[in-house]
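Remarks on the structure that follows.
On a predicted model such as this, the values are computed, not experimentally measured, just so you know. Values below: every heavy atom of this structure, side chains too, minus hydrogens, waters and symmetry copies.
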Amino acid sequence: LRERGTGPVATAVAHPNIALIKYWGKRDEHLVLPRTDSLSMTLDILPTTTRVHRDPEAAHDTVTLNGRPAEGEALRRVIAFLDLVRDRSGLPHGSVVASENTVATGAGLASSASGFAALAVAAAASYGLALDATALSRLARRGSGSACRSVFGGFAVWHAGPDSGTGAEADLHSYAEPVPVGDLDPALVVAVVDAGPKAVSSRAAMRRTVHTSPLYEPWAVSSRGDLTEMRAALLAGDIETVGDIAERNALGMHATMLAARPAVRYLAPATLTVLDRVLGLRRDGTPAYATMDAGPNVKVLCRRTDADRVAEAVRDAVPGCTTRVAVPGPGARLVDG
Ligand code: 2P0
């Protein structure tokens, strides 16, 4: 993270991340403490740029997202986040926040990860908080859990922290950090089959899953094992094993939701068509593995050298499907502007 001067105006850029070991379920809603560790790749595409202009005269915040005034839940979450920053800095000032997203918001494409990572970095600078990357990750987590991973580039693991902990002590132990990776040249093909907003927010869906799904606890247990195996596979640069673990972890997460009462189903017919095509690629000898988040879109992990061919195969399978190829990208940082 680049050190820059702090002041009333600060602009930050952050990229979305896609989890290979999923975060699904909180143990503390207020502090955004997860039930399990997760692990992700930060992308080099679809950045969010956020400018925070602290105004000592302002009693309220003004927030625009892609040039439109934020409202409802989105506005409430940004204000609650700035309240945290005001508390820590001792500066009660309101701010003018302008955020530009290059990705569809709320479509399961990790817009809240890049959004809150950029907001954390820009707001901390604007309010004069001198935070290292770990502290920024903790702070970003309070906005949206997955955002703590976008503070870092490349691969990052988010530590849930000790099982039993809640409160200020637990807050200290839950943050992301970079994960060592061996000789791996990965790409993620982001296949958008539907860019519309999700019907159920991931926050609500997680809550329902934890409280009602009989499959939740078994998945959480197996996910802990997946993480250990994933770290070893990344270090070994073994794309087949990395992909295999990522795919089973994601399918397991969706199984927990399908068993929730009532069921949460993000997977659409087009999602399954892409999954079939990915299986076909594998049968034909191309290592390609699918992961899905809180939406019908699919991210396909493969070798960078296979990415264009994988993208074409996926587009062929689903009429109207668009693809973008991502490789590991940078962590959140301050920029001019
Ligand atoms: C993840 N997802 O690990 C998982 C997998 C979606 C599926 O993190 O409630 O927006 O703000 O902490 O971070 C999406 O949830 O949820 C997410 P909150 P967030 O990427």
Side-chain angles (χ1 to χ4, degrees), residues 1-7 9-21 23 31-34 36-52 54 78 81-82 84-89 91 97 99 110-162 165 168-181 227 230-231 234-235 326-337:
L1 210 65
R2 213 150 31 117
E3 286 299 320
R4 305 264 305 205
T6 57
V9 186
T11 303
V13 174
H15 290 75
N17 70 77
I18 298 299
L20 304 181
I21 302 292
Y23 150 52
L31 291 176
V32 194
L33 296 171
T36 57
D37 297 346
S38 55
L39 187 152
S40 60
M41 184 180 114
T42 298
L43 310 185
D44 68 329
I45 60 171
L46 309 172
T48 297
T49 304
T50 300
R51 185 173 186 268
V52 176
R54 173 169 59 83
V78 171
F81 187 83
L82 291 172
L84 271 177
V85 175
R86 280 186 274 269
D87 262 13
R88 293 197 191 172
S89 64
L91 299 174
V97 176
S99 188
S111 58
S112 73
S114 53
F116 278 101
L119 181 61
V121 170
S126 176
Y127 283 78
L129 294 175
L131 302 181
D132 64 13
T134 305
L136 282 170
S137 178
R138 268 189 215 108
L139 178 63
R141 190 197 80 228
R142 299 290 300 273
S144 191
S146 54
C148 76
R149 299 185 309 233
S150 276
V151 168
F152 298 97
F155 290 82
V157 61
W158 171 17
H159 303 290
E169 174 68 16
D171 174 62
L172 274 179
H173 291 111
S174 190
Y175 54 85
E177 64 181 358
V179 169
V181 172
L227 183 85
M230 178 62 86
R231 278 176 171 281
L234 284 170
L235 208 50
V327 296
R333 65 195 190 285
L334 288 171
V335 294
D336 296 325

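In terms of heavy atoms, Ala135 sits closest to Asp132 at N-OD1, 2.8 Å. When all heavy atoms of Tyr23 and Gly145 are compared, the pair lying nearest together is CE2-CA, 3.8 Å. For the residue pair Ser137 and Ala176, the shortest heavy atom distance occurs at OG-N, 2.9 Å. Taking every heavy atom of both residues into account, Thr50 and Gly115 meet most closely at OG1-O, 4.3 Å. When every heavy atom of Ser144 is checked against every heavy atom of Ser112, the shortest pair comes out as OG-OG, 2.9 Å. Residues Ala113 and Ala147 come closest through the heavy atom pair O-CB, 3.4 Å.
Put simply, the side chain of Leu39 reaches to within 4.5 Å of the side chain of Leu234, judged on heavy atoms. No side-chain heavy atom of Glu177 sits under 4.5 Å from any side-chain heavy atom of Thr134. Residues Arg142 and Asp171 have side chains in contact (heavy-atom distance under 4.5 Å, counting atoms from C-beta outward). A heavy-atom distance below 4.5 Å is not found between the side chains of Ile21 and Asp37. Put simply, the side chain of Arg141 reaches to within 4.5 Å of the side chain of Leu33, judged on heavy atoms. Using a 4.5 Å cut-off on side-chain heavy atoms (C-beta onward), Met41 and Asn17 make no contact. No side-chain heavy atom of Arg333 sits under 4.5 Å from any side-chain heavy atom of Val121. Side-chain contact between Ile45 and His15 is absent, with no heavy-atom pair separated by less than 4.5 Å.
With rounding to the nearest 0.5 Å, the separation of CG in Asp87 from OH in Tyr127 is 11.5 Å. For the atom pair OG of Ser150 and CH2 of Trp158, the computed distance is 11.5 Å after rounding to the nearest 0.5 Å. Distance check: Leu139 CG to Cys148 SG gives 11.0 Å after rounding to the nearest 0.5 Å.
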**Request:** Begin from the C-alpha positions of Arg88 and Leu84 and carry the test side chain to side chain contact (heavy atoms under 4.5 Å, CB included) through to its verdict.
**Result:** CA-CA 6 Å; Arg88 293 197 191 172; Leu84 271 177; 4.3 Å; yes
**Message:** side chain to side chain contact (heavy atoms under 4.5 Å, CB included), that's the test. Do Arg149 and Thr42 meet it? Break it down for me.
**Reply:** CA-CA 8 Å; Arg149 299 185 309 233; Thr42 298; 5.6 Å; no
**Message:** Let's go through Leu119 and Ser99 carefully: what are the C-alpha distance in whole Å and the side-chain angles of both, what is the deciding distance for side chain to side chain contact (heavy atoms under 4.5 Å, CB included) to 0.1 Å, and is it a yes or a no?
**Reply:** CA-CA 8 Å; Leu119 181 61; Ser99 188; over 6 Å; no
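At distances below 3.5 Å, at least one donor-acceptor pair connects side-chain atoms of Arg54 with backbone N or O atoms of Ser126. In this structure, Ser89 contributes its side chain and Leu129 its backbone to no donor-acceptor pair below 3.5 Å. Between the side chain of Arg51 and the backbone N or O of Val9, no donor-acceptor pair lies under 3.5 Å. In this structure, the side chain of Ser40 does not engage the main chain of Ile18 through any donor-acceptor pair within 3.5 Å.
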